[in-house]
Amino acid sequence: MARKLVDDYGGEVPSDIDSLLTLPGVGRKTANVILAVAYELPAMAVDTHVFRVSERIGLTRDSKTPLQTEETLMKYIPEDIIPKAHHWLILHGRYVCKARKPLCESCGLRSFCRYYPIEQKRLEKEAIAKLKKQEEKRKQKEKEAAARKKPKPKKNPTQSPSSPTYPSSPKSSPRPQSSLNCQWMIIDQMIITTARSATIAWLKCSCDAKASGAGGDDRLGL
């Protein structure tokens, strides 16, 4: 490039786009940057930011190539601000009208922007879809909670006819086995004592009857 500048242009950078395009490694965008910045000529360098922002906000429509964008911008932007407009579009696309997530709420061009109302409708649809999804999840959680709170039916145990079981009264409590044994021992002792006393009395009466010579059975009424 340096030798060509020296040999063909006397060591001076040319100020027209056709000559600049003959230099090795210089494309149309670089040539327009040189013309706009070094010579302050009405040239529009179209990079990725200028191409995207111009189509998004509506300065161009259906531009397929950077050259189509350049021709459209050169047609409608006044010549005296074209060198500055190039930098305006670059900075706007770099810091505000970003590629993936444009900052539309802080943009001063949204009242003129073609993309802003379309983006608002898209965001509204996404918000509605998100709310519907959250409502469905809430209803599903309520159903699951209601199903967990619902009491389960108790199963009645099958009873054998040969050995029926009877429910015990909640107020009565079974007596301890030791107390029952003690009661039976007392009753048994009372029966033995009564029988012994009756036997002794009968024997005494029999002896008295024999001594007096009367029949024991007739006297005692036995």
Side-chain angles (χ1 to χ4, degrees), residues 1 5 13-150:
M1 178 191 291
L5 283 174
V13 177
S15 58
D16 62 282
I17 191 168
D18 294 330
S19 300
L20 289 171
L21 291 177
T22 61
L23 297 176
V26 176
R28 190 171 186 85
K29 183 185 77 172
T30 303
N32 284 326
V33 170
I34 294 172
L35 294 177
V37 176
Y39 295 102
E40 296 183 355
L41 295 175
M44 176 61 68
V46 178
D47 64 353
T48 180
H49 298 295
V50 175
F51 182 78
R52 184 187 70 257
V53 171
S54 299
E55 185 68 23
R56 178 178 283 177
I57 66 179
L59 295 178
T60 61
R61 186 178 292 273
D62 298 330
S63 293
K64 304 300 181 184
T65 62
L67 180 59
Q68 291 179 356
T69 300
E70 177 188 342
E71 291 173 350
T72 304
L73 294 178
M74 292 289 293
K75 181 178 179 180
Y76 293 104
I77 296 177
E79 290 187 0
D80 58 331
I81 65 172
I82 285 179
K84 296 180 180 179
H86 161 71
H87 294 286
W88 292 342
L89 291 172
I90 289 176
L91 296 176
H92 188 67
R94 185 178 295 170
Y95 299 110
V96 181
C97 194
K98 299 179 181 180
R100 294 186 177 180
K101 191 175 182 181
L103 306 178
C104 294
E105 297 301 325
S106 61
C107 179
L109 301 176
R110 62 177 180 269
S111 57
F112 309 99
C113 181
R114 181 181 64 188
Y115 172 79
Y116 181 69
I118 299 173
E119 178 67 7
Q120 287 301 109
K121 290 181 180 179
R122 185 186 68 82
L123 293 176
E124 289 177 1
K125 289 181 179 180
E126 288 183 355
I128 292 172
K130 187 176 181 180
L131 289 175
K132 288 182 178 179
K133 191 172 182 180
Q134 290 177 352
E135 184 67 16
E136 290 176 357
K137 287 184 178 180
R138 185 185 65 80
K139 290 181 179 179
Q140 184 65 24
K141 288 182 179 179
E142 289 180 354
K143 289 181 180 179
E144 293 176 355
R148 287 194 296 267
K149 291 180 180 179
K150 186 176 180 181

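If you're wondering where the values come from, they're calculated on a predicted model, not measured in any experiment.
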Output the distance between atom [atom1] ([X]) and atom [atom2] ([Y]), rounded to the nearest 0.5 Å.
X	Y	atom1	atom2	result
R56	I118	CZ	CD1	11.0 Å
K84	I77	NZ	CD1	13.5 Å
D47	H86	CG	NE2	6.0 Å
E135	R138	CD	CZ	4.0 Å
L35	D16	CG	CG	7.5 Å
S19	L23	OG	CG	8.0 Å

Can [X] and [Y] be counted as an ion pair, charged N to O under 4.0 angstrom?
X	Y	value
E126	K130	no
K121	E124	no
E70	K29	no
K132	E136	no

Considering non-hydrogen atoms only, spot the tightest contact between [X] and [Y] and give its length.
X	Y	value
A31	I17	CB-CG1, 4.0 Å
Y115	P102	CE2-CG, 3.7 Å
P14	L5	CD-CD2, 3.8 Å
P66	V46	O-CG2, 3.8 Å
Y116	E105	OH-OE2, 3.6 Å
S54	L73	OG-CD1, 3.6 Å

Close side-chain approach of [X] to [Y], heavy-atom, < 4.5 Å:
X	Y	result
N32	M44	no
T60	Q68	no
C97	H92	yes

Would you say that more than 12 heavy atoms from the other residues, nucleotides or ligands in this model lie under 6.0 Å from the [atom1] of [X], or not?
X	atom1	result
Y95	OH	no
E119	CD	yes
R61	CZ	no
Q134	CD	yes

Test item: R52 side-chain N/O and G93 main-chain N/O as donor-acceptor pair under 3.5 Å
yes

